[in-house]
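Written below as structure tokens is the structure these notes are about.
One-based numbering, in listed order, for ligands and for the atoms of each.
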Amino acid sequence: MHKYTIEHSLLLLRKNTLRLSRSSRAFHIINKNQTQLVQRFIKTPQLMFLNSNISYEYINVNLGQRQFSNSEGQKKEEEQPIEVVIDELTKEESEPILKDSEKMEFKAETKKLLDIVAKSIYTDKEVFLRELLSNCSDALEKQRFKQVSGSSQGGNDLYINITTNSKDRELVLFDSGIGMSREEIMDNLGTIAKSGSQAFLKEMKDKDVSLNDSIIGQFGVGFYSTFIVSDSVEVYSKAEGHNGVRWVSDGSGEYEISNADNLGFERGTRIVLKLRQDCREFSTENELEKIIKKFSQFISYPIKLNGQMLNNLQAIWYRDKREITTDEYERFYESVAKTKIPYKYLLHYSTDVPLSIKALIYIPSTHNEKYGIQNETQDINLYSRKILIKQNCSELLPNYLRFIKGVVDCEDLPLNISRETYQDSSLMNKLRNAMTRRILKLLEEEARKDKPKYNKWYEEFNNFLKEGLTSDTENSEALFKLLRFNANFSKKELVSLDEYIEKMKPSQDKIFFIVNPQIESAMNSPYMEPFKGTDFPVLILSNNIDEICFQQSGNYKGKSFVNVETSYEEIQKDLGKKEESSHALSKIPEDEIAPFSLWLKNELQPQITKISLSKRLKDAPAVIVGQQSSSMRMMMQMMDPSAANEGLKDQTLEINASHPIIVNLNYLRKHDAKLASLATHTLIDNINLLNGTPADVLKLKDRSFEMLEKFLDHNLEGLDPKPQRKLKAKSQDLEIELPEDIDSVLKKSHEDLKEKKSDKIVREHVVGSENNKNQ
Ligand SMILES: Nc1ncnc2c1ncn2[C@@H]1O[C@H](COP(=O)(O)OP(=O)(O)OP(=O)(O)O)[C@@H](O)[C@H]1O
């Protein structure tokens, strides 16, 4: 804590402006232009008087200069911050006193660097503030370390103070951090490729003190980014036990360095930027507030802008998990995800391998893509040592994990990574891989911990995981672990592939599945007939995308995926069943099978090019077996309707030769080939519809109507009087004249109808009882 005598304080007060607020814990004395903080006092016994009524008088009396205006009453004054200009400052009093000035040339490489930094790395001008704040934060962290390890005698107050003066286009940053000596400032700001953090680390290591990680990093050229926005930059710095020093440059060829007294602070660094004309926005309070909040809201030291505290949110991911309450986690989630809907899972995680990462990852309970209207926003922010590198950093995770919210802080990442190079950076790739693996592992752990909870989440998010399976081959096993399906052994509860494997028979080496959104119709599908009466497990996939995922990787843990629609022979072999003769149950005479098959093939070309006698079908008349399963064909059609017919070519029709439809078709083709043809095509239309393969609707309609007409014709034959055929009445030609007394007409017809109905019931009853009697 600072210890100042009252006299000293008053001397400072006389020379400067006092910002005094009764409610605040501290007093700030800044110089008259408000560009630099002269001293900050915490309430100490010596200064308590400043905060009491008497003290005002005391100051008034003692200073005898401009007075506090308390004519409007003490109470009002107590609430308001009071500014008092105590004295006009003379130049000598306000300016640092400079000695031993030297002009130095920047090294050639630094000149080059200044050029590159300004032109290419920093596409966003505002990042200079991020760099400066990062340096302030580092300097404060180093000082904190010195204090903790007992090697500092100075005051403990660690903070960043930013003041602006838009009239003079001036921006001033002050930190009460470790400061720099003359040699250090020349080393650090005169040359490049020198990491101050590393040098500090080495120095501290030699002293054998255990280190706080957060100062370790591979930082590059941050400070020079100030020249993107400044005509000139002044740095005033003072390290404990050293003279004050001033460094100034316009960023061209050289800089000047001097010893400096009368800096107005005991320790720390003050950087004064004279902003370029076209960058004056960085001296306006509103603009600065936005940028500072964006980059530094989680810096753990107080940051004030013109006396106002800006960073209230702490870098929660840096804190010990055991000290964070659920409420704090929830509030943080709300601020990152911008939603009040509670999250589902949380991962607060810290590791040093393969990179030094601290992350706070949230998995939401719902998303915005359900209705296909909105895309999930990538609310994941990338930090390096609490300094924001990129908000909504889409490069941090693969696209399919775009629903993840939170913060990733990687100390190994240089702040100066430019946006254009995110994608190419091998460090970013490493980080992305590490994070992806960790998130998938989190989901797996959660699924194991609480099955129903995970299954509920899965129903909401499964499409993201499936998207991952089609794009992220590296993590396919981890992604497969997260998929869930119904199965013939679990129709209500979803099961994982690992649970399926547990159910597999010892001889089984394949994963069987069927695609059908309706569990009951999947169970009753003709393709499931071979599985009836066996306890072979079959997965029921509700979505065509599931099959695409299966096809893409082909197997899980070495077990290949097999659609039960594939050839019956293979399935039989897999199920260990003996070959059955397809002719055994055939009700078609043996010598007619070949001509009937040939006839069918001719009829159905090019969709069907092979006819086979089914051994699996019991209840269904026929199934189509294609090179692709029906769900895949449907998918292809959806994606490219013009290729619809392509997907339907060259398939096999498996016929059930004991089914009445098939037997009758064979009979009919010999007597009425035209009608048989119509019936065959109608049968195929129906099979296609059942498979979900969209048919040619117009042709289908024509055929069904023709079939219906023929059926009705046939059934009405012999009825008397025979209905008039081809009755063509155009509705617009029909004009019905309504009688005037329409109500009575309606009533009468209603009564007629009632009479007829009761007459019919009576007749039925009589016939029924007569029949009973006869029996
Ligand atoms: N406010 C400050 N207080 C104390 N030292 C500072 C301050 N600003 C800069 N320095 C020193 O100057 C060095 C160079 O700063 P610069 O921003 O150019 O690079 P860096 O911080 O080492 O790397 P990077 O910006 O990539 O993190 C720092 O390492 C630090 O030693």
Side-chain angles (χ1 to χ4, degrees), residues 37 106-107 109-110 113-114 116-118 121-122 127-146 152 154 158-162 171-204 214-228 230 233-240 242 244-247 249 251 255 257 263 265-273 295-296 299 301 303 383-389 409-418 421 427:
L37 181 105
F106 278 120
K107 297 231 166 82
E109 55 184 12
T110 313
L113 173 93
L114 279 166
I116 297 169
V117 165
I121 297 182
Y122 293 107
V127 295
F128 83 91
L129 249 176
R130 182 186 68 189
E131 300 296 331
L132 291 183
L133 286 167
S134 156
N135 285 347
C136 293
S137 171
D138 283 351
L140 290 163
E141 186 68 16
K142 288 170 186 172
Q143 176 58 25
R144 195 182 70 78
F145 183 80
K146 275 184 89 173
S152 168
L158 300 175
Y159 60 93
I160 298 169
N161 227 323
I162 300 166
L171 171 61
V172 183
L173 283 98
F174 173 80
D175 70 73
S176 62
I178 195 163
M180 287 175 276
S181 66
R182 185 175 175 127
E183 290 68 37
E184 282 169 336
I185 220 169
M186 281 166 73
D187 259 11
N188 293 335
L189 307 185
T191 51
I192 55 156
K194 168 163 176 58
S195 163
S197 298
Q198 268 182 359
F200 176 78
L201 182 66
K202 191 173 175 298
E203 200 188 318
M204 283 301 177
S214 61
I215 53 160
I216 307 165
Q218 298 286 316
F219 283 67
V221 295
F223 172 78
Y224 295 103
S225 61
T226 50
F227 291 105
I228 306 172
S230 313
V233 178
E234 281 176 285
V235 180
Y236 297 92
S237 198
K238 184 159 178 353
E240 250 182 279
H242 289 271
V245 59
R246 177 211 192 224
W247 178 103
S249 173
Y255 63 91
I257 188 139
L263 286 181
F265 55 87
E266 287 292 293
R267 188 200 64 232
T269 304
R270 183 171 71 234
I271 298 178
V272 183
L273 307 183
F295 287 140
S296 316
I299 287 185
Y301 298 98
I303 302 178
Y383 283 78
S384 176
R385 292 185 279 166
K386 302 179 200 165
I387 304 284
L388 182 73
I389 293 198
D409 193 316
C410 177
E411 290 191 3
D412 305 298
L413 220 55
L415 285 181
N416 58 357
I417 184 164
S418 90
T421 55
L427 212 56

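Between Leu158 and Ser176 the shortest side-chain heavy-atom distance falls below 4.5 Å.
Nearest-residue assignment for atom 9 (C) of ligand 1 (options Ile271, Asn135, Ile185, Thr226; heavy-atom criterion): Asn135. Of the listed options Asn188, Asp175, Asp138, Asn188 places a heavy atom closest to atom 11 (C) of ligand 1. Of all the listed residues (Arg130, Lys142, Met180), Met180 holds the heavy atom that lies closest to atom 5 (N) of ligand 1. The nearest non-hydrogen atom to atom 3 (N) of ligand 1, considering only Cys136, Ser134, Ala139, comes from Ala139.
With no hydrogens or angles considered, a side-chain donor-acceptor pair links Glu240 and Ser152 at under 3.5 Å.
Residue Tyr236 holds its OH atom at 11.0 Å from CD1 of Ile185, rounded to the nearest 0.5 Å. Here the straight-line distance linking atom NZ of Lys238 with atom OG of Ser181 works out to 10.5 Å at 0.5 Å rounding. Once rounded to the nearest 0.5 Å, the distance linking CE of Met180 with CE of Met186 reads 13.0 Å.
Of all the atoms in ligand 1, the ones that sit under 4.0 Å from a non-hydrogen atom of Glu131 are 25 (O). Taking a cut-off of under 4.0 Å to the non-hydrogen atoms of Leu189, the atoms of ligand 1 that pass are 12 (O). Near Phe223, the atoms of ligand 1 lying under 4.0 angstrom from a non-hydrogen atom of the residue are 16 (P), 17 (O), 18 (O).
Residue Tyr301 forms a side-chain contact (heavy atoms from CB on, under 4.5 Å) with just one option from Asp175, Leu133, Leu140, and that option is Leu140.
Residue Gly179 has no N or O atom closer than 3.5 Å to an N or O atom of ligand 1.
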